[in-house]
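One structure is given here, and the rest of the page talks about it.
Chain letters run A, B, ... following the sequence lines, proteins first and then strands; every chain starts at 1.
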Protein chains: 2
Amino acid sequence: MNIGEASGRSGLPAKTIRYYEDIGLIRPDRSNNGYRDYGADDVHKLRFLHRSRSLGFSVEECRQLLALYEDKSRASADVKDIAATKLIEIDRKIRELTELRHTLEHLVHACHGNERPDCPILEELSEG
Amino acid sequence: MNIGEASGRSGLPAKTIRYYEDIGLIRPDRSNNGYRDYGADDVHKLRFLHRSRSLGFSVEECRQLLALYEDKSRASADVKDIAATKLIEIDRKIRELTELRHTLEHLVHACHGNERPDCPILEELSEG
DNA sequence: TATGAACCTTCCTGTTACTGGAAGGTCAAG
DNA sequence: CTTGACCTTCCAGTAACAGGAAGGTTCATA
């Protein structure tokens, strides 16, 4: 199938699929007219990539996961390590954002938001 | 003062300070030897930038905040709008990350993480 | 048969917010 | 006088694509 259909079936934009080929994540066949030609297994990989990316794995992590996925002799512990490390990162991000949220909420509530020039938000930003 | 001291006082790397000058956020004087020469107000602005960036404002938003900060006639409502919009964004990010966290945690717990090749994480990634 | 739309191709640039490094000038101390 | 710590400019690279130009292919339709 052409890239348009592979895009539709995998949920990835054609631009992204070409990019993934550029960086060596997938290698589709070529038709006689020069068009990329994707098989069912290619679409499978593309869906794998789509899902892993949306779960917060970087492209390099996806490359590792894909290699593990294709390696029948790998241990599931290898995969679990990658996922567990990512989980810790996500927890940290959530903590940081929550703290940020509290600070910002405090500032927004403290600001009366009227036509007068004094503003607690700017005051805090310039002093903090 | 030279860029090194301005860096130390503002908490921003010298590279970042030069970058902020490149994109027109600050305009320090120059000494006779060509070195950048920062005053107390420059350091004040740099600290403002540092803090706003760490609160999740983009550089362009910081530019707006800085302009509002320097404009004595601005209304505090303008600032409040920017901060409130950012608050909504942060909430959305937290929600997305939390959902992500649940999915990943589920996967990590489902995986026994041993030497055998079957792995629920990869299975879910390839099917989801 | 011509033509137009809807595909596809490669290549180049731009995005965000910096970071790293090369090549070279300046300054204070020993 | 040289060494080391500063400083300067400029160029390239990062992550993960997105947008667009210029042009080839295919298919349906007038």
Side-chain angles (χ1 to χ4, degrees), chain A residues 1-39 42-43 45-66 82 86 89-90 93 96 100, chain B residues 1-39 42-43 45-66 82 86 89-90 93 96 100:
Chain A
M1 75 193 76
N2 286 347
I3 198 171
E5 193 175 342
S7 167
R9 293 203 191 178
S10 67
L12 288 171
K15 277 274 186 189
T16 302
I17 296 178
R18 290 197 197 93
Y19 171 70
Y20 285 169
E21 182 178 347
D22 272 358
I23 63 175
L25 284 182
I26 44 165
R27 307 187 177 284
D29 287 344
R30 293 284 175 146
S31 306
N32 291 333
N33 57 11
Y35 288 13
R36 289 169 178 83
D37 183 23
Y38 296 88
D42 291 318
V43 172
K45 281 192 202 171
L46 289 174
R47 290 171 62 85
F48 183 103
L49 288 169
H50 189 191
R51 177 122 176 95
S52 329
R53 288 287 297 125
S54 74
L55 279 176
F57 293 99
S58 73
V59 165
E60 284 317 303
E61 284 164 340
C62 288
R63 193 193 297 277
Q64 292 174 46
L65 288 172
L66 206 55
I82 295 179
K86 182 57 58 177
E89 271 175 46
I90 290 172
K93 273 189 199 168
E96 286 173 3
L100 197 61
Chain B
M1 75 194 78
N2 285 346
I3 199 170
E5 194 176 340
S7 166
R9 293 202 190 178
S10 66
L12 289 170
K15 276 276 187 186
T16 302
I17 296 178
R18 291 197 196 93
Y19 171 70
Y20 285 168
E21 183 178 345
D22 272 358
I23 62 175
L25 284 182
I26 45 165
R27 307 187 176 284
D29 288 344
R30 293 284 176 146
S31 307
N32 290 334
N33 58 11
Y35 287 13
R36 290 169 178 82
D37 184 21
Y38 297 87
D42 292 317
V43 172
K45 281 191 202 171
L46 290 173
R47 291 171 61 85
F48 183 102
L49 288 169
H50 190 190
R51 178 123 175 94
S52 331
R53 286 288 298 126
S54 74
L55 278 176
F57 293 99
S58 73
V59 165
E60 284 316 303
E61 285 165 340
C62 288
R63 193 192 299 274
Q64 294 174 45
L65 288 172
L66 205 56
I82 295 178
K86 182 57 58 177
E89 272 176 44
I90 291 172
K93 273 190 199 168
E96 287 174 3
L100 197 61

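- Among the atoms of the strands shown, base atoms are found under 4.0 Å from some heavy atom of B/Arg18.
- Under 4.0 angstrom from either OP1 or OP2 of C/dG25 there lies no side-chain N or O belonging to B/Asn33.
- With distances taken from any side-chain atom of A/Arg36 to the nucleotides C/dC18, C/dT10, C/dT19, the minimum falls on C/dT10.
- Between B/Arg53 atom CZ and C/dT16 atom P there is a gap of 11 Å when expressed in whole angstrom units.
- Note: CG (A/Asp29) to P (C/dT9) measures 13 Å, nearest angstrom.
- Residue B/Lys15 places its side chain closer to D/dC10 than to any other of D/dC10, C/dA17, D/dA16.
- Dashed line: the shortest gap from a side-chain N or O of A/Arg30 to OP1 or OP2 of C/dT10 is under 4.0 Å.
- Between B/Leu12 atom CG and C/dT19 atom P there is a gap of 9 Å when expressed in whole angstrom units.
- In this structure, B/Arg47 and B/Ser10 approach most closely via the heavy-atom pair CG-CA, 3.7 Å.
- Among the atoms of the strands shown, none is found under 4.0 Å from any heavy atom of B/Ile23.
- The distance from atom CD of B/Glu61 to atom P of C/dT16 is 12 Å, rounded to the nearest whole Å.
- When the nucleotides D/dC7, C/dG21, C/dT19 are ranked by their closest atom to the side chain of B/Tyr35, D/dC7 comes out on top.
- One interatomic measurement links the two molecules: NE2 of A/His50 to C1' of D/dC17, which rounds to 13 Å at whole-angstrom precision.
- No donor-acceptor pair under 3.5 Å is formed between the side chain of B/Ser7 and the backbone N or O of B/Ile3.
- At a threshold of 4.0 Å, the pair B/Glu21-B/Lys45 does not count as salt-bridged, since none of the basic side-chain nitrogens sits closer than that to a carboxylate oxygen.
- Look at A/Thr16 and you'll find a side-chain N or O under 4.0 angstrom from OP1 or OP2 of D/dA18.
- Here A/Tyr20 reaches the OP1 or OP2 of D/dC17: one of its side-chain N or O atoms lies under 4.0 Å away.
- The two residues B/Leu100 and A/Leu55 come nearest to each other via the heavy atoms CD1-CA, 3.2 Å.
- Residue A/Val59 has its side chain nearest to D/dA16 when only D/dC7, D/dA16, C/dC8 are considered.
- The backbone N or O of A/Asp37 lies less than 3.5 Å from no partner atom in the side chain of A/Asp29, so there is not a single donor-acceptor pair.
- Taking atom CD1 of residue A/Ile3 and atom C1' of nucleotide C/dC7, one finds them 11 Å apart after rounding to whole Å.
- Going from atom CG of B/Asn32 over to atom C1' of C/dT26 covers 13 Å, rounded to whole Å.
- In this structure, CZ of B/Phe57 is placed 17 Å from C1' of C/dA17, rounded to the nearest angstrom.
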